[in-house]
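Read through the structure below, which is laid out as structure tokens, and then see the notes.
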Amino acid sequence: MPELDLTIQRRTGPERRRIAIDHLTIAGWTGRDARARDHHIAELAALGIKPPSAAPIFYRVAAARLTAASRIEVSGDGSSGEV
């Protein structure tokens, strides 16, 4: 089970905590700017990537996939830069 070292800002000052992660959910096809998100979805559709039926979409994934590493290893050069 992965763990994250966090600094929580409290009224009394910063507090360091180590948090165990046992569930992980990713929100896909989302963004702060709905127009930019929709534009990106249209760009992907032009490349043949089927647009989602709704946005955002939530994916449950293995907690072991969570990382705070500055680099990750991927298979091939066709991986997405979205992390």
- Note on the structure: On a heavy-atom basis, the closest approach of P52 and I57 is CB-CD1, 3.3 Å
- Message: How close do P51 and A45 get, counting heavy atoms only, and between which atoms?
- Response: CD-CB, 4.4 Å
- Passes side chain to side chain contact (heavy atoms under 4.5 Å, CB included), I19 versus E3? Steps please. CA-CA 5 Å; I19 308 293; E3 294 183 337; over 6 Å; no
Look up atom [atom1] in [X] and atom [atom2] in [Y], then write down how far apart they are to the nearest 0.5 Å.
{"X": "L4", "Y": "I21", "atom1": "CG", "atom2": "CD1", "answer": "4.5 Å"}
{"X": "L66", "Y": "M1", "atom1": "CG", "atom2": "CE", "answer": "12.5 Å"}
{"X": "I8", "Y": "E15", "atom1": "CD1", "atom2": "CD", "answer": "5.5 Å"}
{"X": "R16", "Y": "L6", "atom1": "CZ", "atom2": "CG", "answer": "8.0 Å"}

- Query: Are F58 and I26 co-members of a hydrophobic cluster defined by side-chain heavy atoms under 4.5 Å apart?
  - Reply: no
- Message: Less than 3.5 Å apart, any donor N or O on the side chain of T25 or R60 sitting next to an acceptor on the other?
- Response: no
Table please: side-chain donor-acceptor pairs of residues 28-38 below 3.5 Å, with sequence neighbours left out.
residue : atom : partner : partner atom : Å
W29     : NE1  : Y59     : OH           : 3.4
D33     : OD1  : R35     : N            : 2.9
D33     : OD1  : A36     : N            : 3.1

